[in-house]
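Throughout, a chain's letter reflects where its sequence line sits, starting with A, and its residues are numbered from 1. Just so it is clear, the values below take in all heavy atoms, side chains as well, and ignore hydrogens, waters and symmetry mates.
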Amino acid sequence: MLSGVKETRGDKVFLICNYIYVFLAFLIVFYPLVYIVSASISDPKYVGSGEMWLWPKGITFDGYKRVFQTTSIWTGYGNTIVYTVVGTAINLVVTLPAAYALSRRDFVGRTFFTGMFMVTMFFGGGLVPTYLLIKKLGMINTMWAIVIPSAASIWNIIVSRTFFQSSIPSELQEAAQIDGCTNMRLFIKIILPLSMPIIAVMALFYGVGHWNGYFSALIYLNDADKYPLQLVLRQILVLQEMSAQGGGAMSAATAEAMNNKAEIAALVRYAVIIVATIPIIVIYPFFQRYFVQGVMIGSVKG
Amino acid sequence: MEDAKAAVIGSPRLTLGKNRKGIWKKVIRNWELYIFIAPAFFYFLIFSYGPMYGIQIAFKNFIPTKGVTGSPWVGFDHFQRFFDSYYFWDLIWNTLSISLYELAVGFPIPIILALAFNEVRNGFFKKLAQTVTYAPHFISVVVMAGMIITFLSPSTGMIVHLIEGLGFNAPAFLTDPRWFKTMYVFSGVWQSAGWGTIIYLAALSGVDPGLHEAAIIDGASRFQRIRHINIPTIVPTMTILLILNMGSLLGVGFEKILLLQNPLNMESSDVISTFVYRSGLVDAQYSFSTAIGLFNSVINAALLIVVNQIVRRTSENSLW
């Protein structure tokens, strides 16, 4: 209400600089994203030479065609969906009840459990002992090696606990107990329906983690047909093992064919980035509120 | 008088006894809560504390057929070998310099960005800028590495074109060891600076508008109000994040480094955690690798505790 009353010249200059700064930050993040989309449907000739710099040039969908023809990408996609769904379900089953128990003031031993869980935030066994354990449990080269060792994150348990503490009135629990309601019924029938926001936040946090994870698959999986999408992407994007798969090739040969191959590989790389990221980019704007909420709940009290 | 004293002395014991009974009553009444916590309890016990038990192989010569417990003890041999190795100081230097570089660049940028977002009054522009700058947070580390490699690849990469368009000669980012750290740090800023603002914006939303109104009446400029109202508000958040960052100085984001590493940039890209991965899982030197990992996590935990102590002495914003 006081704004506009005393906008001095200095303030105006400052405000303009601020807008320019935010706009630059926006541009720096936005431009590479737009570039990838444009490059994925442009003629690789123009992309490679730098003639394509904003809008698509010489539109072609060959990159996507190649991606759709590559079976390893689809196997990876399927595996990732399975790992994400199963993994997230396990995460929720482990995280939510534990967080609820820890949120209850009348839960004897909650300091012990909180302390025991918190220690793992700052100290751990390390890579090799964990690997040996997973091996001993016979989980190597199975889906369980991907989903079980990441069954819960202490950070997410704390965020959920904070939510239960601050959003569920303790009178509700007391009243239910006076009416003879057991804790199990209370949790399933009353607490969970009231906790949809935190369930969404947790499902999203864990789900994105599974979707984007590659490292546990790299160390625990041997068979290529079990690889999740990110590991397949690693081969294509980072190790660049995708020369001209299924392209016949090796015929007339010469430098031009080689060049062509490299160009197609580059085109495929852009297309594959889009295909792999699209599920998250599509859901992100709708759920941004929840993601932000999750971070904010966590920041209230670490 | 005597009676009163006895009552005072006696009373704690009385309530203690009552409490103990009360505790058991609570435990029994809430037995289901222990079922609720059981999955998480066993998960942490097996998958976090289990590997901690396995740390003992750092002091042993691990022989797979004899298992963790049965392998012979060798004391500090593996540590000694690591400290004496020619790559020891290189690994420490690379790990520390990447971490500190990342901290110096990556820590202030989200703060400045959050303060700037907070001054934007145009709702649509603010929302757009926030949505877009948050988005890269969700790009996977593999795709991120792929983007870096593609954008920086010599003669065809977007950033290379950009630099050449400005009339400079683009360096060989991917293979020149001198560029590895910069590439790593700035791609990290690109990916996470926006997301990092959320926590500060949450703190800034708690500023009492009355403070700003009073400051405006007193003739404070926008900059002065940011300097004297907004920044002090977010100092506690900054302190906590700084402590947490110090606790992971030797734990740089190793997944991305592993993906960006190649034989040509190895001299500046090899950090403790990638070395642990290579020696442990690729070369199967289990005990040696565990020893290095232990060395790493002990230093991390020690740094966290020391920094937290220092902060606790000087302010009220410590972690515990």
Side-chain angles (χ1 to χ4, degrees), chain A residues 2 6 8 10-11 14 18 21-22 25-26 29-30 35 48 50 94 97-98 100-101 104 106-108 113 116-117 120 122-133 149 151-152 182-184 208 212 214-215 219 230 233-234 237-238 269 273 276-277 280 284-285 288 292 295-296 299 302, chain B residues 23 26-27 30 32-33 36-37 39-41 43-44 47-48 50-52 54-55 113 116-117 119-120 129 131-133 135-136 138-140 142-143 145-147 149-150 156 158 161 190 194 198-199 202 213 216 221-223 240 247 255 259 276-277 280-281 286 289-290 293-294 297 301 304:
Chain A
L2 281 168
K6 269 192 181 178
T8 62
D11 275 0
F14 179 79
N18 190 65
Y21 175 74
V22 172
F26 163 78
V29 175
F30 197 51
Y35 183 91
V94 175
Y100 175 66
R104 286 272 296 262
D106 58 342
F107 176 50
V108 179
F113 287 114
M116 176 195 161
F117 296 174
T120 65
F122 305 114
F123 192 78
L127 186 65
V128 171
T130 310
Y131 175 80
L132 292 176
L133 178 78
T182 62
N183 279 316
M184 192 68 84
V208 170
N212 284 343
Y214 86 96
F215 189 65
I219 58 180
Q230 299 297 330
L233 290 181
R234 173 173 169 267
L237 291 173
V238 181
R269 255 175 262 146
I273 288 176
T277 320
I280 289 179
Y284 161 66
Q288 188 195 354
V292 172
V295 177
M296 286 188 178
S299 70
Chain B
I23 284 173
K26 271 189 204 161
V27 169
N30 289 328
E32 284 157 309
L33 295 184
F36 286 0
I37 203 134
F41 173 75
Y43 164 72
F44 284 111
F47 292 98
S48 296
M52 286 187 211
I55 284 179
L113 198 57
F117 277 153
E119 296 302 310
V120 175
T131 306
V132 168
T133 49
F138 297 99
I139 294 175
S140 78
V142 174
V143 169
M147 281 169 60
I149 292 171
T150 314
T156 58
M158 180 262 276
H161 284 312
W190 182 82
I198 295 177
I199 199 162
E213 281 164 21
I216 292 170
S221 70
R222 254 175 203 280
F223 183 74
I240 297 283
E255 294 199 343
L259 290 169
V276 166
Y277 168 72
L281 296 185
Y286 293 137
S289 169
T290 306
L294 177 60
S297 39
L304 186 72

In terms of heavy-atom pairs under 4.5 Å with chain A, the winner among B/Thr131, B/Val120, B/Ile240, B/Thr150 is B/Thr131
Compute whether any side-chain donor of one residue and acceptor of the other, for A/Arg104 and A/Asn183, lie under 3.5 angstrom apart.
yes
Do any N or O atoms from the side chain of B/Ser289 and from the backbone of B/Val276 form a donor-acceptor pair under 3.5 angstrom?
yes
Side chain, backbone, both or neither: which part of A/Leu233 has a non-hydrogen atom closer than 4.5 Å to chain B?
both
Closest approach of A/Ile273 to B/Met147 (non-hydrogen atoms, all atoms of both residues)
CD1-CG, 3.8 Å
What part of B/Leu294 is in contact with chain A, defined as an atom under 4.5 angstrom from a non-hydrogen atom: side chain, backbone, both or neither?
side chain
I'd like to know if the side chain of A/Asn18 and the backbone of B/Ala116 have a donor-acceptor N/O pair within less than 3.5 Å.
yes
Atom CZ of B/Phe223: over 12 foreign heavy atoms under 6.0 Å:
no
Applying a strict 4.5 Å limit to non-hydrogen atoms, the region of A/Phe30 in contact with chain B is both
Fit a plane to each ring of A/Phe113 and A/Phe117, take the angle between them on a 0 to 90° scale, and name the class: parallel (under 30°), tilted (30 to 60°) or perpendicular (over 60°).
tilted
Heavy-atom distances under 4.5 Å only: say whether B/Phe41 touches chain A with side chain, backbone, both or neither.
both
So which part of B/Leu259 gets closer than 4.5 Å to some heavy atom of chain A, the side chain, the backbone, both or neither?
both
As an exercise: rank B/Gly293, B/Gly280, B/Ser221 by heavy-atom pairs under 4.5 Å with chain A and give me the winner.
B/Ser221
Can you say whether A/Val108 sits under 4.5 Å from chain B via the side chain, the backbone, both, or neither, judging by heavy atoms?
both
Any donor-acceptor pair under 3.5 Å from A/Thr120 side chain to A/Met116 backbone:
no
Heavy-atom contact with chain B under 4.5 Å, split by part of A/Gln288:
side chain
Looking at chain A, which one of B/Gly194, B/Ala40, B/Gly50, B/Gly54 has the largest number of heavy-atom pairs inside 4.5 Å, strictly under?
B/Ala40
Bottom line for B/Leu304: the part with an atom under 4.5 Å from chain A's heavy atoms is side chain
Donor-acceptor contact present, side-chain A/Tyr214 to main-chain B/Glu255, <3.5 Å:
yes
Quick check for you: among B/Trp190, B/Phe117, B/Phe47, which has the greatest number of heavy-atom pairs under 4.5 Å with chain A?
B/Trp190
Comparing A/Gly126, A/Gly10, A/Gly50 against chain B, the one with the most heavy-atom pairs below 4.5 Å turns out to be A/Gly50
What part of A/Tyr284 is in contact with chain B, defined as an atom under 4.5 angstrom from a non-hydrogen atom: side chain, backbone, both or neither?
side chain
Given heavy-atom pairs under 4.5 angstrom as the criterion, report whether the side chain, backbone, both or neither of A/Tyr131 touches chain B.
side chain
Identify which of A/Val22, A/Thr130, A/Thr182, A/Val94 forms the greatest number of heavy-atom pairs closer than 4.5 Å to chain B.
A/Val22
Mind listing the closest non-hydrogen atom pair of A/Asn212 and B/Ser140 along with its distance?
OD1-CB, 3.1 Å
With a 4.5 Å cut-off on heavy-atom pairs, point out which of A/Asp106, A/Leu133, A/Ile280 contacts chain B the most.
A/Asp106
Nearest heavy-atom pair of B/Pro51 and A/Pro129: which atoms, and what distance?
O-CB, 3.4 Å
Nearest heavy-atom approach of B/Val132 to A/Val29 is O-CG1, 3.4 Å
